[in-house]
Amino acid sequence: MANPITRINRKVPTEAEIRAQEMERLAEGAAKSHPGLLMFMDIVQEMYEAGYLEIVQGMVKNREKVLPYAFDFIKVSGMPIVMKNVISGLQFLGTLEPQKVQRTMNAVSHGLNKSLDVDMDGENKGFFDLLKMMKDQDVNRSITMLLTFLKSMGQHLGNSQQEVNREMNQDKQDIMDEM
């Protein structure tokens, strides 16, 4: 019968072996993503030549002195309000369906181009001329869309903030479910 194993010899890598493995992994990673690294190095070089890196380095070294001035500037310049509005705008854009937005923007673009081609110095439209135009199917479709938009916007303006937040969260969930 064989003797039982009572001692396991584990190989503990030396500091030099660990460093060599790390360098090998680093070289493999650099080889895999060399176009991105070259672009990054080019950006860093441009920033160095423009003097931006010295500015950033000085700000980091003197952060205790610089940060109070930076925060004062942010408060005075109204940046928190701007940042909050940007975030709200991005949240709004996130609730829209891209296909519908693209279709609507194409229609707006086409309508603007067509309206700019109209001779404004020509004959003025009278009240009955405008009523006749309402019978046109394209005009009716546009007016219906505009009035639906205004009605929906008015309904939501009357909602409480909690209802608006609940609807926005539901819209976000619906969009995430579709993905």
Side-chain angles (χ1 to χ4, degrees), residues 32-47 49-53 55-56 59-60 63 66-179:
K32 287 180 184 175
S33 59
H34 83 287
L37 284 174
L38 291 175
M39 186 180 294
F40 178 73
M41 289 175 14
D42 185 46
I43 291 169
V44 169
Q45 182 63 35
E46 292 291 328
M47 290 176 68
E49 290 172 4
Y52 295 137
L53 290 181
I55 294 170
V56 171
M59 289 174 64
V60 170
R63 61 187 169 269
V66 173
L67 281 178
Y69 293 112
F71 286 127
D72 287 343
F73 173 75
I74 289 172
K75 284 192 279 186
V76 170
S77 67
M79 289 300 287
I81 295 170
V82 171
M83 292 188 314
K84 188 173 183 178
N85 286 341
V86 166
I87 291 169
S88 295
L90 291 174
Q91 286 175 338
F92 162 72
L93 291 175
T95 63
L96 301 176
E97 295 181 36
Q99 296 84 4
K100 289 181 179 180
V101 171
Q102 183 177 7
R103 181 175 176 224
T104 304
M105 288 294 118
N106 288 341
V108 168
S109 174
H110 183 72
L112 280 174
N113 286 332
K114 194 76 167 176
S115 68
L116 293 173
D117 292 340
V118 173
D119 182 21
M120 299 306 269
D121 296 331
E123 181 180 325
N124 286 340
K125 299 279 185 194
F127 180 72
F128 290 110
D129 293 329
L130 294 175
L131 284 178
K132 282 184 199 174
M133 288 179 72
M134 298 277 274
K135 290 181 181 180
D136 183 348
Q137 189 178 20
D138 295 330
V139 172
N140 192 300
R141 190 177 305 120
S142 296
I143 289 175
T144 301
M145 181 180 173
L146 181 63
L147 291 175
T148 303
F149 166 75
L150 291 173
K151 179 177 170 85
S152 177
M153 187 172 94
Q155 287 172 343
H156 284 278
L157 286 173
N159 289 349
S160 69
Q161 187 62 38
Q162 290 138 346
E163 290 173 330
V164 171
N165 290 340
R166 185 173 41 251
E167 288 174 3
M168 284 184 66
N169 290 334
Q170 183 60 43
D171 289 344
K172 287 179 193 175
Q173 188 61 43
D174 292 345
I175 290 171
M176 293 306 285
D177 291 343
E178 288 176 8
M179 293 179 163

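Note that this is a predicted model, so its numbers are computed, not measured. Index from 1, following the sequence.
The minimum heavy-atom distance between Met59 and Val66, with the atom names listed, is CE-CG1, 4.2 Å. Taking every heavy atom of both residues into account, Leu96 and Val101 meet most closely at CB-CG2, 3.5 Å.
The shortest distance between side-chain heavy atoms of Met134 and Asn140 does not fall below 4.5 Å. Counting heavy atoms from C-beta outward, Glu46 and Ile43 have side chains that stay 4.5 Å or more apart.
The CG atom of Leu37 sits 13.0 Å away from the NZ atom of Lys32 when rounded to the nearest 0.5 Å. Taking CD1 from Ile55 and CE from Met47, the interatomic distance works out to 9.5 Å, rounded to the nearest 0.5 Å. Within the model, atoms CZ of Arg141 and CG of Asp136 stand 8.5 Å from one another, a figure rounded to the nearest 0.5 Å. In this structure, CD in Gln137 is found 11.0 Å from OG in Ser142, a value given to the nearest 0.5 Å. Once rounded to the nearest 0.5 Å, the distance linking CG of Asn85 with CG of Leu90 reads 11.0 Å. One distance of note links NZ of Lys132 with NZ of Lys125; it measures 9.5 Å at 0.5 Å rounding.
The number of heavy atoms from other shown groups lying within 6.0 Å of CD (Gln155) is above 12.
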Only distances under 3.5 Å count here; give the side-chain donor-acceptor pairs of residues 145-154 to other protein atoms, sequence neighbours excluded, each with its distance to 0.1 Å.
residue, atom, partner, partner atom, Å
Thr148, OG1, Thr144, O, 2.7

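If you run side chain to side chain contact (heavy atoms under 4.5 Å, CB included) between Ser109 and each of Asn113, Asn106, Leu112, only Asn113 comes through.
Listed for the Asp129 side chain is a donor-acceptor partner under 3.5 Å among the backbone atoms of Gly126.
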